[in-house]
Amino acid sequence: MILTEDLTKTFDDFTAVDGVNLVVGKGEVLAILGPNGAGKTTTVRMLTSILKPTRGRAVIAGFDVVTHPREVRASVGVLTEHHGLYNRMRPEEYLGFFGDVYGLEKARTTQRTGALLDLFSLSEARGRKIGEFSKGMRQKLALARAMLHDPHVLLLDEPTSAMDPASARLVRDSIKELRSSERTVVICTHNLVEAEELADRIAIIRRGRIIARGTVSELKDQLLGPTIYEVEFVENVAGGKSLELPAEVTWKLNGAASIQYSSPDADRYNPIVLRQLLEQGFGVKTLREATRSLEQVYLQAVMGGDTSREDLYV
Amino acid sequence: MFDRLRPVWIVARRELIDQLRDWRILSPIILLTVLFPAIMNFTADRIVNFTIRYGADIVGERLIPFLLMMVGFFPVTISLVIALESFAGEKERGSIEPLLSSPLEDWQLYLGKLIAVMAPPLAASYMGIVVYLVGVYRELGWVAEPALLLQVLALTFMQGLVMISGAVVISTQTTSVRAANLLASFIIIPMAFVMQGESIVMFWGQYYALWWAVAGMGLIGALLVRTGIGHFNREELLGRELDVLNFGWMWRVFAKGFRGTSKNVADWYLRELPLTLREMRLGLVFMMLMFIGAFWVGKLLTGMFPIPSELLNLESINQVEVEGLDSIRLFSSASILPIFLQNLRVMVFAVILGLFSYSVAGILLMLLPFAILGYFGFLLAQGGLPIWQFFAVFVLPHGIFEIPAILLAGTAILRMGANLAAPALGKSITEGVLQSFADWAKIMLGVVLPLLLAAAMMEALVTPQIAIWLLTR
């Protein structure tokens, strides 16, 4: 549904996007993460045929962004960084205008408008001018506009920013619904929890280049190393009797009553570790995987070295 | 076709509704439609009566059409504010991006906005004109000549078109309304000059000249619309941060354009320069045709501004005085530098004029000598000097270098205007201008300056000798 090959955009002597390769299929959600100015918005603008790539190509819903810009734009719904609403209009009027712009039949526009206003709990605000809307309401209306023509591909820039938790949940559920209705969704976000919850795959972009990509667990393995396990004991182990584990297992104390360890093969070594600890008389309270957040992955990718493999597609 | 125009109307309708809901736009339009014409009526009535009292009827007669023009002009100036708000404002607020992400084509969006921005102020202007006309008819019994009325209506339309299309060009080069407002002086100042010129025409009473103003404004409007369409595109609107002048980048663009792909000076002279000259072929043909046209205009001027034939009789020239000319320092090597610098000054002045007028004023300056040559050539022909002889003696010795120099410099200026009006894809106005300027500099340095130097030497040392020989033989 989305395919980019060596997608590059240069402004004068500044390269904003540099050789981005992406493949996002139907029913997939890709989250693009990256610091401000990393090239996320420029990438989205190229995927919407607003900006022409300097090098490489992009195909959206079967249409090339350079040779078929009109078809691309008709197939894509975009939630832009700035919502771009008209303050003196009412929500139905606003969506009606975009229905006309997208060439929808009047009846279809009316039906979609009603459904979307209901979906985003904006029906009660039908009579109000957009200028009177809260930030969250504006965000939801902008999202409704992006979904109005029922596009195959949705490109969403910070879809839940400025929303209260309930509204954000509403939007996240809508995105999940889009995935199950075989839509392709690309989210640009700084909200890592949201990205982890929604995205099937994640691409981290820095200085125009994709520096890490994969599923959340792949990224954790790539960037944070093998999984770390944590054992909590019922008594202090520090300074007491010596603790012996297999040579392949590396471990360290994690406070007075806890250790952390990693092994080359968790399926094989976790039962061995547990058995040995019990045999040595340690009272094991819990054994669990240590928490590794997407934030750690992101910071490692952005602050750490370049881990990109150009032969890989997301 | 209708399907392609439908989105234009969709965009225009939304903008129109939006404007009609904004009291900040509506209030001045209403005031200028009703109150301003009423004040003008009052002014016309008082001044006409006052001037009649002192026998200066003509002042009153000329004032009424002048005020008619003013009544039309003032409401249409609001279009500038609305245009800046509509184009730069939408860009600044980010509301243009959803439109650019839609299937609308650039020209549909441009045209829709243009219509929406122009319609209310123009309607207000025309209504104001009607209010004024009714007023002066009731107060003074004055009825406008249909031709004059048509001229004022056309002029008002063209003024609106120029201001709006100029505002669009400005808006594409800025990212905020504030910056656009500051740059609006590039529209307001020339418009002020135009209004002064039109006012002179109105008081002069030579109303036919207003058609020239209509045509001139129409031409500038069309060029600005062409530039606007060229720059009002997605790439330009969202792809650039334009409010900061990046001199380093500007220099690099200029240097790259000037150097081209040449590796050294010899390569530049032998490969890059001929390449640029080849690109100028079409422009050169066009310039040559204009030179011939200017020469012909010179011939026509001989009929309008004749000189008594006895003054043109070459045989009446005092032989001694002519021979004495030889001893004047003017015809010596000391004149070479002043002649060269004078020609260079004109060339530089022409490029500056060309930059601000889509080449028109710069080209006109270049054409002027040809019109003068035509005038004197044909005038002297009436006095008995065959035109070929005039050219062979007075023009060709140095003209053989100077005419190609003017032709080439003029073509470089012409290309500058063409690049402004029809920009190359993906290039900003600044980039286009810098590239054209680099081409101009290339032609100037590589060809025109050597030719001008040779022409100055010929003009100082050879042409006078041949002319003296002819006049004293």
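Basis for what follows: all heavy atoms, side chains included, without hydrogens, waters or symmetry-related copies. In what follows, chains are A, B, ... by sequence order, proteins preceding strands, each numbered from 1.
Rounded to the nearest 0.5 angstrom, D18(B) CG and F97(A) CZ are separated by 10.0 Å. In this structure, CD in Q19(B) is found 9.0 Å from CZ in R88(A), a value given to the nearest 0.5 Å. In this structure, OG on S101(B) lies 8.5 Å from CZ on F98(A), to the nearest 0.5 angstrom. How far CG of L85(A) is from CZ of R93(B): 11.0 Å, rounded to the nearest 0.5 Å. N233(B) CG to I50(A) CD1: the interatomic distance, rounded to the nearest 0.5 Å, is 11.5 Å. Atom CD1 of residue I17(B) and atom OH of residue Y86(A) lie 12.5 Å apart, to the nearest 0.5 angstrom.
Note: L99(B) leads L99(B), V253(B), I96(B) in heavy-atom pairs under 4.5 Å with chain A. Between chain B and the residues T80(A), T48(A), L155(A), the largest count of heavy-atom pairs under 4.5 Å involves T80(A). Chain B forms more heavy-atom pairs under 4.5 Å with one residue of R145(A), E71(A), H149(A) than with any other, namely R145(A). Ranking S75(A), G84(A), A16(A) against chain B, the residue ahead of the rest is G84(A), based on heavy-atom pairs under 4.5 Å.
Contacts of E105(B) with chain A are made by side-chain atoms alone, with heavy-atom separations under 4.5 Å and no backbone atom involved. Both the backbone and the side chain of V101(A) come within contact range of chain B, each with at least one heavy atom under 4.5 Å from a heavy atom of that chain. In this structure, chain A has no heavy atom under 4.5 Å from any part of P7(B). With a 4.5 Å cut-off on non-hydrogen atoms, S49(A) touches chain B through its backbone but not through its side chain. Residue contact with chain B, scored on non-hydrogen atoms closer than 4.5 Å, involves the backbone of H83(A) exclusively.
Contact of the M89(A) side chain with the R14(B) side chain is registered, since non-hydrogen atoms from C-beta on lie closer than 4.5 Å.
Note on R13(B) versus D100(A): salt bridge recorded, some NZ/NE/NH1/NH2 to OD/OE distance being below 4.0 Å. Under a 4.0 Å N-O distance rule, the pair R21(B)/E93(A) qualifies as a salt bridge.
The main-chain N or O of P103(B) is found under 3.5 Å from a side-chain atom of R70(A) such that the two form a donor-acceptor pair. Counting only distance, with no hydrogens or angles, the side chain of E235(B) and the backbone of K52(A) share a donor-acceptor pair below 3.5 Å.
Counting heavy-atom neighbours within 6.0 Å of K176(A) NZ, excluding the residue itself, gives a total above 12. Counting heavy-atom neighbours within 6.0 Å of R6(B) CZ, excluding the residue itself, gives a total of 12 or less.
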